[in-house]
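Note that these values count all heavy atoms, side chains included, but never hydrogens, waters or copies made by symmetry. For ligands, and for the atoms within them, numbers begin at 1 and follow the listed sequence.
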Amino acid sequence: MKTLVIGGNGFIGTNLVDALLESGHDVCVFDRYPSRYRGPLPDVSYIAGDFANHGEVAEAVRGVDRVFHLAYTTLPQTSNDDPVYDVRSNVVDTLQLLQSCRDADVSKVIFVSSGGTVYGIPERIPIAEDHPTEPICSYGISKLTIEKYLSLFQRLWGLDYVVARLSNPYGEQQNPYSKQGAIGVFLGNVAQGQPITIWGDGEVVRDYVYIKDAVKALVLAAEYEPGPRQPRIFNVGYGRGYSLNQIVEEIKNVVDMPVQINYTPARPVDVPVNVLDISRAERELEWKPQVNLHMGLSATWKWIKTIGKGSDRLVEHKS
Ligand SMILES: NC(=O)c1ccc[n+]([C@@H]2O[C@H](COP(=O)([O-])OP(=O)(O)OC[C@H]3O[C@@H](n4cnc5c(N)ncnc54)[C@H](O)[C@@H]3O)[C@@H](O)[C@H]2O)c1
């Protein structure tokens with residue numbers, strides 16, 4: 001049975017493809033760009049296409065059993081600049097995808113949502129899936145809207161789905177020279193001999209999950225067969241929070257280079273704290289993250305030292 005990964009050449013996608021292959025899936029990737037850091041894998045088929053092209057997407061889902069939806073056009077920090085673009089390019093194009101999946105008899109869609117933004121400013125920590133959802137950025141609203149449409153398609157047409165509300169993944173294949181992903185960016189700064197820039201006082205707390213742990217949860221989500229009363233929405237995180245200052249302290253224990261820090265004013269889209277309650281995924285998916293912060297930082301640092309800023313694959317592209 002075939003598994004399609006839309007956005008499969010990105011950070012999460014490449015790691016997910018590896019984990020799917022390990023689990024014996026027949027994998028096809030749909031992406032508009034090649035992978036930044038590695039060539040195509042011999043056991044994977046690749047479709048170069050744009051998610052916004054509905055004909056290409058309809059063609060790609062034909063004969064497919066499970067679809068992972070990872071392509072997204074906005075980031076939490078910038079989504080409020082143009083909410084119309086966020087809705088058109090993410091919500092509307094995802095609805096087209098869901099219609100194509102329904103028409104092609106796809107059995108399940110797995111959507112990577114955002115545990116860091118759908119809840120907004122938390123009322124309690126750790127945040128369980130039934131916590132109120134009051135996003136403070138358009139990105140969180142569009143993710144939540146897509147979750148609601150997934151539920152509607154399941155109710156109306158039996159298109160099954162699982163939502164992974166992912167926290168802050170980090171690790172190999174995450175571009176350390178982009179604007180997203182504090183751990184990757186910090187390690188990228190260190191690798192280049194530049195100071196780490198921290199927005200605010202560094203006391204913002206996040207739930208950082210190592211990517212190889214996170215994608216294991218996604219594979220289990222694809223294989224999960226929920227009964228009518230079982231949940232379809234899962235938090236996927238480490239289940240423990242670290243402040244940016246704590247991350248920097250741990251980075252100092254891992255890297256073999258000097259670490260300097262610059263503090264700059266806080267950003268309005270950053271909620272002060274976000275730590276996910278992952279007990280539902282532990283129970284239902286029988287999953288548990290295995291890699292602690294020190295181990296994950298060490299593996300990420302080792303990888304960052306191998307890529308080099310000058311490589312072609314580091315050429316910036318918009319995704
Ligand atoms: N990285 C995180 O911190 C994080 C956290 C929570 C949720 N997510 C979600 O996980 C998903 C994957 O994130 P990522 O970090 O791997 O991002 P990424 O930018 O590394 O990868 C996304 C991939 O999607 C492709 N893509 C984007 N728009 C496309 C389009 N129109 N047509 C075809 N391909 C397109 C890109 O080329 C890229 O290869 C996204 O939905 C993102 O919102 C990410």
Check ligand 1 against [X] and write out every atom of the ligand that is under 4.0 Å from a heavy-atom position of the residue.
{"X": "S113", "answer": "6 (C), 7 (C)"}
{"X": "V112", "answer": "7 (C), 9 (C), 10 (O), 41 (O)"}
{"X": "Q180", "answer": "1 (N), 2 (C), 3 (O)"}
{"X": "N9", "answer": "39 (O)"}
{"X": "G49", "answer": "32 (N), 33 (C)"}
{"X": "K143", "answer": "9 (C), 40 (C), 41 (O), 42 (C), 43 (O)"}

Tell me if the centroids of the rings in F30 and F51 come within less than 6.0 Å of each other.
no

How about Y170 and Y210: are their ring centres within less than 6.0 Å of each other?
yes

Test salt bridge (Lys or Arg N to Asp or Glu O under 4.0 Å) on R165 and E147; report intermediate values, then the result.
CA-CA 10 Å; R165 289 181 175 167; E147 291 187 11; 2.6 Å; yes

For [X], is the nearest heavy atom under 4.0 Å from an atom of ligand 1?
{"X": "Y139", "answer": "yes"}
{"X": "G181", "answer": "no"}
{"X": "D31", "answer": "yes"}

From the candidates A164, G116, S167, the one that places a heavy atom nearest atom 5 (C) of ligand 1
S167

Counting only heavy atoms, tell me which of L218, L70, D50, V118 gets closest to atom 31 (N) of ligand 1.
D50

Passes side-chain contact (heavy atoms from CB on, under 4.5 Å), I196 versus Y263? Steps please.
CA-CA 8 Å; I196 289 172; Y263 289 91; over 6 Å; no

Name all pairs fulfilling the salt bridge (charged side-chain N to carboxylate O under 4.0 Å, His left out) condition that reach into residues 87-109, sequence neighbours left out, sorted by first residue then second.
none

So among V271, T145, I141, which one has a side chain to side chain contact (heavy atoms under 4.5 Å, CB included) with P135?
I141

Does an N or O from [X], backbone or side chain, lie closer than 3.5 Å to an N or O of ligand 1?
{"X": "G13", "value": "no"}
{"X": "F51", "value": "yes"}
{"X": "G10", "value": "yes"}
{"X": "A52", "value": "no"}
{"X": "T73", "value": "no"}

Please list all pairs passing the side chain to side chain donor-acceptor pair (under 3.5 Å) test where one or both residues lie in residues 220-233, with sequence neighbours left out.
H25-E223, D160-R232, Y224-E284, Q230-E284

Below 4.0 angstrom, N of the basic side chain to O of the carboxylate: do D86 and K143 qualify?
no

Ring-face cation of K148 near F153 (centre distance under 6.0 Å, axis angle within 45°):
no

Is it the case that more than 12 heavy atoms not belonging to W303 sit under 6.0 Å from its CH2 atom?
yes

